[in-house]
Amino acid sequence: MRVGFFVTCLVDTMRPSVGFSAIKLLERAGCEVIVPPTQTCCGQPAWNSGADAHCRDLARKVIDSFLEFDYVVVPSGSCAGMIRNHYPEALKDDGAYHLRALSLAKKTYELTQFLVEVARATDFSAKYNASACYHDSCSCLREMFVRDAPRQLLANVEGLELKPLKDADVCCGFGGLFSVKYPEISERMADDKLSDAKNSEASLVIGPDLGCLLHLAGRAARRGENLKFRHIAEVLANCSQASIGEGT
Amino acid sequence: MTQDPLAFREASKKAVHDPRLKQALGRIKGHFQLARRFASSDFPDFDALRGQGAAIREHSITHLHSLLDEFEKSVTTRGGQVHWARNATEARQIVIDILKRSGARRVTKGKSMVSEEIGLNDALLAHGIVPIETDLGEYIIQLRHEPPSHIIAPAFHLNKEDVADTFRAAHSKLDPARDLSDRSALVGEARAMLRAAFEGADAGITGANFLTAREGAALIVTNEGNGDLTRLLPRTHIVVTGIEKVVPDLNAASVLLRLLTRSATGQPITSYVSVMSGPHSEEMADGPREFHVVLVDNGRTRLLGTPAQATLRCIRCAACLNHCPIYGAVGGHAYGATYPGPIGAALNPNLLGISEAHHHPNASTFCGRCAEVCPVKIPLPTIMRYWRAREYAAGLPPITYRAGLGLWAFAAKRPLLYRLGTRLASRVLKKLAKGGRIRALPMAGGWFAIRDLPEPQGKTFMEQLNSP
Ligand code: SF4
């Protein structure tokens with residue numbers, strides 16, 4: 001299986017260890033992983049802002065970079081959802097690219113979904129001593145329909161005790177540029193999520209989307225909360241880097 | 001009622017820091033979310049029912065013209081009258097003319113969002129006609145001179161202490177020392193007040209949940225029975241509603257009824273379902289002498305054929321509000337419009353104009369819960385995004401925002417330039433970080449207003465990948 005790996009702009013800039021962890025997992029699952037050097041961002045900030053022309057330009061670039069692979073794997077539900085659901089919509093009046101967008105959409109997966117549903121690999125002999133809760137991202141749940149895959153993967157991590165998180169299907173208040181446009185509403189939503197995480201008695205919050213995690217970790221730091229945050233790829237790949245916001 | 005977009009941020013800021021409002025909104029989960037969850041999981045295949053509901057509403061919207069014609073004929077045959085209003089002004093005038101002709105001075109009203117939309121109460125008062133809201137929630141907010149904060153629970157922003165204060169202030173002839181500490185005392189007092197209003201009313205105005213074309217009937221659901229007293233006791237009954245409420249027949253309406261009550265309050269059916277199909281006839285013991293239906297367009301036909309057309313399917317169940325985390329944080333009033341929450345975000349740019357209401361479709365993280373619960377499967381985030389595209393095309397976002405986005409897109413289309421930018425960014429951010437985080441950056445006030453930025457790891461992924 002030739003897998004084109006879309007690292008996402010946030011992982012590229014803020015947390016490369018998520019990308020390297022994901023590649024390690026994909027290779028262990030038997031995939032040949034290629035990182036096309038022409039990739040930048042999926043264009044979601046433009047799409048969600050209604051800047052359709054910018055978004056279409058970026059979508060065409062991503063399509064050109066990734067169409068040749070058997071699969072496209074993304075360590076983010078939100079960017080994967082963008083490619084799978086919104087590229088065909090954005091390019092619906094662009095004949096040739098519309099068809100390409102549809103075919104790219106079909107082979108695009110969120111990382112945990114790909115590992116479980118396509119590569120059928122669920123045990124990576126990972127070890128992590130902590131009690132943790134899992135924060136589903138809204139895009140994983142409602143754009144990619146991923147709910148069980150990450151839980152199945154985390155169940156096989158030795159030493160990890162997964163606590164149920166109340167209101168797991170409720171948004172954490174990130175929402176991309178929403179977090180900047182309406183910080184006070186975003187704050188309330190983050191605080192609700194952080195108290196649910198604390199009430200679950202977890203010391204670690206694991207998530208599939210770096211956007212939510214940066215927002216939650218940033219808010220927790222501001223409030224002086226004693227919670228750690230990690231991307232699921234890092235936990236599964238025994239990544240030794242400090243957790244998000246922990247410093248080096 | 002409209003509001004400038006900056007005011008929304010201010011209003012939402014105030015709302016999230018209001019402890020009483022927080023307490024009131026905290027009831028949404030127990031009151032509405034769980035009720036809906038139980039009601040929908042009790043139903044054998046609720047999702048199939050949603051599909052059927054969506055299909056009925058879509059059919060109705062695409063056959064609006066012929067169904068409305070049929071509805072008018074059916075109503076006329078039964079001795080009622082249909083009036084057509086292109087906009088809010090015409091709608092108000094039609095109602096006032098009917099009331100003046102019949103010499104009505106006091107009017108009881110059932111709950112109707114369309115009446116709020118067209119600003120009916122103020123218009124009536126200006127013509128010396130006194131409207132009395134008879135739905136308990138509407139009655140409370142009318143006493144407080146407030147607009148509804150929720151489309152099915154207009155006084156949801158209030159706690160029972162707020163209601164007690166309101167009653168003490170408004171019912172000044174009653175003993176000020178009376179006990180209003182529990183709910184039943186409040187309900188009892190309102191009931192006594194409303195009883196007198198029902199007895200003295202010259203006309204009754206209600207909305208409609210559905211209009212059925214074949215039978216020429218209007219349906220309303222209530223839990224208080226106030227709708228029946230409003231429509232049956234006075235000489236004149238006026239239904240004021242939107243043209244999109246029409247469905248083919250009672251069978252279609254009954255499917256939607258099952259969806260509506262389960263999605264709204266989690267009830268398999270409401271306490272009262274009233275079918276109103278014309279004036280009192282010879283065989284009937286009672287009922288109104290005159291039956292009028294005022295059908296309001298007010299921008300609805302403008303949506304036909306646009307990507308926002310599906311909003312016309314809406315049956316105003318409020319499930320989208322009840323499951324919206326933004327609504328749950330700020331409540332209804334912060335939106336500054338008749339329709340708050342996700343359905344408001346989808347309706348208001350059309351109703352009020354994109355420049356007046358462009359903040360509404362932006363007040364969403366696109367978390368998708370609204371669309372997931374909508375009983376007629378309206379793709380609410382897709383429609384909000386459509387309005388954002390219209391907003392962007394109209395040049396409404398601030399110039400700094402558009403310039404920033406343009407600059408970012410320019411770089412993102414050029415991988416080499418983009419790589420330079422991300423390398424620089426990750427290095428600078430790394431330098432600025434202390435103790436694992438950055439506390440403030442110029443031009444990023446929105447982010448840093450409430451949170452820090454976790455420290456980046458240093459070299460970018462692409463950089464590390466290419467340096468062995
Ligand atoms: S949009 Fe859907 S969920 Fe919201 S009020 Fe209308 S019918 Fe109900």
Side-chain angles (χ1 to χ4, degrees), chain A residues 7 9 11-17 19-20 35 37-41 43 45-52 54 57-58 61 89 138-139 141-143 169-171 173-176 178-190 214-215 217-219 221-222 241-242 244-248, chain B residues 9 12-13 16-17 325-326 329-330 362-369 371-372 382 385-393 397 401-402 405-406 408-409 411-413 415 418 422 425-426 429 433 435-437 439 444 446-447 449-462 464-466:
Chain A
V7 66
C9 57
V11 168
D12 179 33
T13 315
M14 298 296 292
R15 206 156 169 87
S17 61
F20 291 110
V35 183
T38 44
Q39 60 179 294
T40 60
C41 168
W47 179 246
N48 286 353
S49 300
D52 295 10
H54 287 322
D57 288 347
L58 289 170
K61 294 231 167 244
E89 197 186 336
C138 297
S139 41
L141 284 178
R142 286 176 282 262
E143 295 232 322
D169 65 332
V170 177
C171 179
F174 173 60
F178 172 87
S179 62
V180 183
K181 285 190 220 166
Y182 296 116
E184 294 82 14
I185 308 176
S186 180
E187 168 188 22
R188 161 68 68 77
M189 292 162 72
L214 289 172
H215 155 73
R219 178 65 191 158
R222 179 66 59 93
Q241 293 272 345
I244 297 169
E246 218 180 11
T248 38
Chain B
R9 180 162 171 206
S12 64
K13 204 164 156 176
V16 293
H17 294 122
I326 316 295
V330 304
N362 278 290
S364 165
T365 60
F366 285 167
C367 79
R369 256 180 135 208
E372 194 180 47
T382 306
R385 207 212 66 86
Y386 162 70
W387 290 123
R388 291 187 192 183
R390 292 277 306 271
E391 173 201 25
Y392 198 85
Y401 186 88
R402 281 178 292 139
L405 205 63
W408 161 84
K413 289 173 209 169
Y418 183 83
T422 49
S426 58
L429 291 175
R437 57 180 165 158
R439 286 165 202 258
W447 180 272
I450 63 118
R451 49 178 113 63
D452 298 336
L453 182 67
E455 174 181 352
Q457 285 173 325
K459 287 186 177 170
T460 68
F461 174 87
M462 285 300 188
Q464 294 184 46
L465 189 72
N466 298 323

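Proteins get letters first, then strands, A, B, ... in listed order; numbering begins at 1 in each.
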key: Heavy-atom side-chain contact between Met14(A) and Ser426(B) under 4.5 Å   = no
request  = State, to 0.1 Å, how close Ile244(A) and Pro454(B) come at their nearest heavy-atom pair, and which atoms those are.
outcome  = CG2-CB, 3.7 Å
ask   = Got a sec, which residues hit salt bridge (Lys or Arg N to Asp or Glu O under 4.0 Å) with Asp452(B), two or more places apart in sequence or on another chain?
value = Arg222(A), Arg437(B)
task = Identify which of Glu372(B), Arg388(B), Arg369(B) forms the greatest number of heavy-atom pairs closer than 4.5 Å to chain A.
result = Arg369(B)
ask   = Considering residues at least two apart in sequence or located in another chain, which fulfil the side-chain hydrogen bond (donor to acceptor under 3.5 Å, both in side chains) criterion with Tyr392(B)?
value = none
query = Heavy-atom distance under 4.5 Å to chain B: side chain of Ser49(A), backbone, both or neither?
reply = both
NZ (Lys413(B)) with more than 12 external heavy atoms under 6.0 Å = yes
note = Applying a strict 4.5 Å limit to non-hydrogen atoms, the region of Tyr401(B) in contact with chain A is side chain
query = Any side-chain donor paired with an acceptor under 3.5 Å for Arg385(B) and Ser364(B)?
reply = no
key: Contact class of Lys61(A) relative to chain B, heavy atoms under 4.5 angstrom   = side chain
Note, Leu214(A) side chain near Arg15(A) side chain (heavy atom, < 4.5 Å) = no
ask   = Under a 4.5 Å heavy-atom cut-off, does chain A meet the side chain of Val330(B), its backbone, both or neither?
value = side chain
task = Give, as side chain, backbone, both or neither, the part of Trp408(B) having an atom under 4.5 angstrom from any heavy atom of chain A.
result = side chain
key: Heavy-atom pair count under 4.5 Å with chain B, highest-scoring of Val35(A), Asp57(A), Thr40(A), Asp169(A)   = Thr40(A)
task = Name the region of Ala433(B), side chain, backbone, both or neither, that has any atom closer than 4.5 Å to a heavy atom of chain A.
result = neither
query = Taking Ile450(B), Ile326(B), Thr365(B) one by one, which has the highest count of heavy-atom pairs under 4.5 Å against chain A?
reply = Ile450(B)
task = May I ask you to name which of Gly245(A), Gly175(A), Gly173(A), Ser139(A) has the most heavy-atom pairs under 4.5 Å with chain B?
result = Gly245(A)
ask   = Taking all non-hydrogen atoms of both residues, which atom of Arg451(B) and which atom of Ser186(A) are closest, and how far apart?
value = NH2-OG, 2.8 Å
key: Exercise: identify the closest heavy-atom pair between Cys41(A) and Leu58(A)   = O-CB, 4.3 Å
message = Less than 3.5 Å apart, any donor N or O on the side chain of Asp12(A) or Gln39(A) sitting next to an acceptor on the other?
response = no
query = Contact part of Asn48(A) toward chain B, heavy-atom cut-off under 4.5 Å: side chain, backbone, both or neither?
reply = both
request  = Examine whether an atom of Arg219(A) lies under 4.5 Å from a heavy atom of chain B, and if so say whether it belongs to the side chain, the backbone or both; otherwise answer neither.
outcome  = both
Side chain / backbone / both / neither for Ala363(B) at chain A, heavy atoms under 4.5 Å = both
inquiry  = Is Thr382(B) in contact with chain A via its backbone, its side chain, both, or neither, using a 4.5 Å heavy-atom distance?
reply    = side chain
inquiry  = Looking only at heavy atoms and a cut-off of under 4.5 Å, which of Leu141(A), Asp52(A), Val11(A) has the most pairs with chain B?
reply    = Asp52(A)
ask   = When only pairs under 4.5 Å are counted, which of Ala329(B), Ala409(B), Gly368(B), Ala412(B) shares the most heavy-atom pairs with chain A?
value = Ala412(B)
